[in-house]
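Note sheet for the following structure.
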Amino acid sequence: MGKKVVIIGGVAGGATALARLRRLDESFEIVLFERGEYVSFANCGLPYYIGGTIESRENLLLQTPELMSSKFNADVRVSSEVIKIRKEEKKVIVKDKKTGKTYEESYDYLIISTGSTPLTPPILGIDSPNIFSLWTIPDTDVIKSYVDNIKPKHAVVVGGGFIGLEMAENLAHLGIKVTIIEMLAQVMAPIEFGMAEIVHQHLREKGVDLILNDGVNSFKYNEGVTTIKLNSNKEVKADMVILSIGVKPNGQLAKDAGLEVNQRNGIVVDKNLLTSDPSIYAVGDVIEVEDFISKTQTMIPLAGPANKQARIVADNIFGKKKEYKGTQGTSIAKVFDLTVANTGLNEKTLIKLGKEYKKDYQIALIHADPHAEYYPGGQQMTLKMIYDLKGKILGAQIVGYEGVDKRIDVIATAIRFNGTIYDLCELELAYAPPYSSAKDPVNMLGFVAENQLSNKFDIVIPREVKDLDSDSIFLDVRAANREVTKGCLDDSLHIPLEEFRDRLDELDKDKTYITFCSTGVRSYMATRILSANGFKAKNLAGGFKFYQTLNCR
């Protein structure tokens, strides 16, 4: 018999480590302890089972304990909670939750994959019987039963993160009126406020009530109805409440064992995912990782990184000596008809790191069709990319209806290989009218960024509008009547692009013209004409459409 490996926790991290270990070496003795009854399940699919998109509960169960045991020749013990690690003795103390008995298990190597738990802050009334969190199969069963049997008419989702938005959508599909309460000014914290405003608009169009910049003060339950009192003193009544406030790492077990943890109880690991003990590794939501771009320490609870980390740990125990090179936080979510995706750093993070816009980084902001403009059915997506002054890509966000996933994956791949905006210009991507344009939106991001870095044109981003001086004049180059009637910036001058060259004598070379059209494409052309004729010009990034969405008046 070879080395003995004990794994604490299943799902993405623990189950993947077990499978990889067995594929590497038949001689390993592998024991996996899972405190719940389900060792491997599709936790990202739970909201879609509640909403009925995934019809069968069995589809959520990726591996049963029995199947995993037989398939991988491993000892898989569910309802078994590791309550103590004795690292000096290389032993764990396990409690059998069905019998209540405890026993010891020795190990040569230990893998901690204890994951995370939903936050439940000490709010008065948070233990009311119609308040739920969604994280496990049992959570799903309870919510599904409540929805099917009680048939609530109004649900409140507290928190506008991924799970909160997915639950809002799925409850709405069941005919339930949904209100989202979010303490921050926006949903989906990984994206910028401007991009989130597109999501806000879409949620409202779908009948979801949004309460932003307001947190929960208390819950009060009475005969099936919970009254939620907010910090603003506003009250909202609901038949059910879903908490989606965030998660905390399950690192107390490691801390009690004397392993190094951070302030949040996240386990500190090295590049090999080894803890402060040379025989103990850790993976998944419970560990602190290095941000791939900023090289700072962070915690990112995503399934993709957890799976990769588990594979690396298995390789290291086998003797391959591999390093985990950091997490860039690539994620994607479906919000009704919208798809929202991001990768890398956002501006909020850069500002916290002491970086300044234009001094340390630039922004490319475009609207683009997912496929050829003349091919029917396409709706524009909004793409935002952040890059440094040498052209290195730092992050990107995309909001749209179709084709968002493949564009964010291309940019995420470019980031992983330390790509630049110039690489995006050169990428040869698949093209046919139903799928893309000859100049893909990713190429277009590169072109726009290249033009900005080469000083071919300057931009004004929407948040800068309020700080413009009196010498700045907005110049609307949209078509007369047809577009202008949809709204306009105050005190703007209107000269359609088609008439531009013939009407330059109407402009003043002592002024700076902020050109705009609907999306920023025609106004870019206008800035080039102005610059070539000795005028000072900047382009309103994202165009009037994006500015209007942000309500920047």
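Just the heavy atoms: all of them, side chains too, but no hydrogens, waters or symmetry mates, feed the values below.
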Salt-bridge contact [X]-[Y] (side-chain N to carboxylate O under 4.0 Å):
X    : Y    : answer
E192 : R463 : no
K206 : E169 : no
K390 : D388 : no
D458 : K358 : yes

Determine yes or no for a side-chain-to-main-chain donor-acceptor pair under 3.5 angstrom, with [X] supplying the side chain and [Y] the backbone.
X    : Y    : value
N443 : L424 : yes
R264 : G251 : no
E290 : G326 : no
D214 : L230 : no
S492 : F474 : no

Does a donor on one side chain and an acceptor on the other come within less than 3.5 Å for [X] and [Y]?
X    : Y    : value
T339 : K334 : no
T512 : D471 : no
H371 : S436 : no
N307 : T16  : yes

Exercise. I386 and side chain to side chain contact (heavy atoms under 4.5 Å, CB included): which partner among L350, T349, I393, L365?
Worked result: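 So, applying the side chain to side chain contact (heavy atoms under 4.5 Å, CB included) to I386 and each of L350, T349, I393, L365, only L350 qualifies.
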Problem set entry | side chain to side chain contact (heavy atoms under 4.5 Å, CB included) partner of M299, the single match among T327, N262, I287 |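 Of the listed residues T327, N262, I287, the side chain to side chain contact (heavy atoms under 4.5 Å, CB included) partner of M299 is N262.
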If you count heavy atoms of other groups shown closer than 6.0 angstrom to [atom1] of [X], is the number above 12?
X    : atom1 : value
E506 : CD    : yes
R503 : CZ    : yes
K439 : NZ    : no

Are side-chain heavy atoms of [X] and [Y] found at a separation under 4.5 Å?
X    : Y    : answer
F219 : L243 : yes
I50  : L134 : yes
E288 : T298 : no
Q309 : V269 : no

Exercise. Is the distance between the ring centroids of Y431 and Y435 under 6.0 Å?
Worked result: no
Problem set entry | Criterion side-chain contact (heavy atoms from CB on, under 4.5 Å) on F500 and R522, from CA distance to verdict | CA-CA 11 Å; F500 216 66; R522 286 169 292 169; over 6 Å; no
Exercise. How far apart are the C-alpha atoms of Y387 and L453, what are their side-chain angles, what is the distance that settles it, and do they pass the side-chain contact (heavy atoms from CB on, under 4.5 Å) test?
Worked result: CA-CA 10 Å; Y387 54 97; L453 276 189; 3.7 Å; yes
For this session: Go through the steps for D291 and T296 under the test side chain to side chain donor-acceptor pair (under 3.5 Å), then give the verdict.
Result: CA-CA 5 Å; D291 183 277; T296 58; 5.3 Å; no
For this session: Apply the test side-chain contact (heavy atoms from CB on, under 4.5 Å) to residues H173 and F336: give CA-CA distance (whole Å), side-chain angles for both, the deciding distance (0.1 Å), then the verdict.
Result: CA-CA 9 Å; H173 283 167; F336 290 90; 4.0 Å; yes
Problem set entry | Partner residues of D491 under the side chain to side chain donor-acceptor pair (under 3.5 Å) criterion, sequence neighbours left out |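 Listed in chain order: nothing, the list is empty.
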For this session: Return the minimal non-hydrogen interatomic distance between I421 and E450, and the atom names on each side.
Result: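 Distance-wise, the nearest heavy atoms are CD1-N, 3.6 Å.
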For this session: Starting from the C-alpha separation in whole Å, work towards a yes-or-no answer on side chain to side chain donor-acceptor pair (under 3.5 Å) for K392 and T420.
Result: CA-CA 4 Å; K392 181 181 177 181; T420 67; over 6 Å; no
Exercise. Should Y513 and K536 be marked as a side-chain contact (heavy atoms from CB on, under 4.5 Å) after you check the CA-CA gap, both sets of side-chain angles, and the distance that decides it?
Worked result: CA-CA 6 Å; Y513 291 96; K536 293 176 287 186; over 6 Å; no
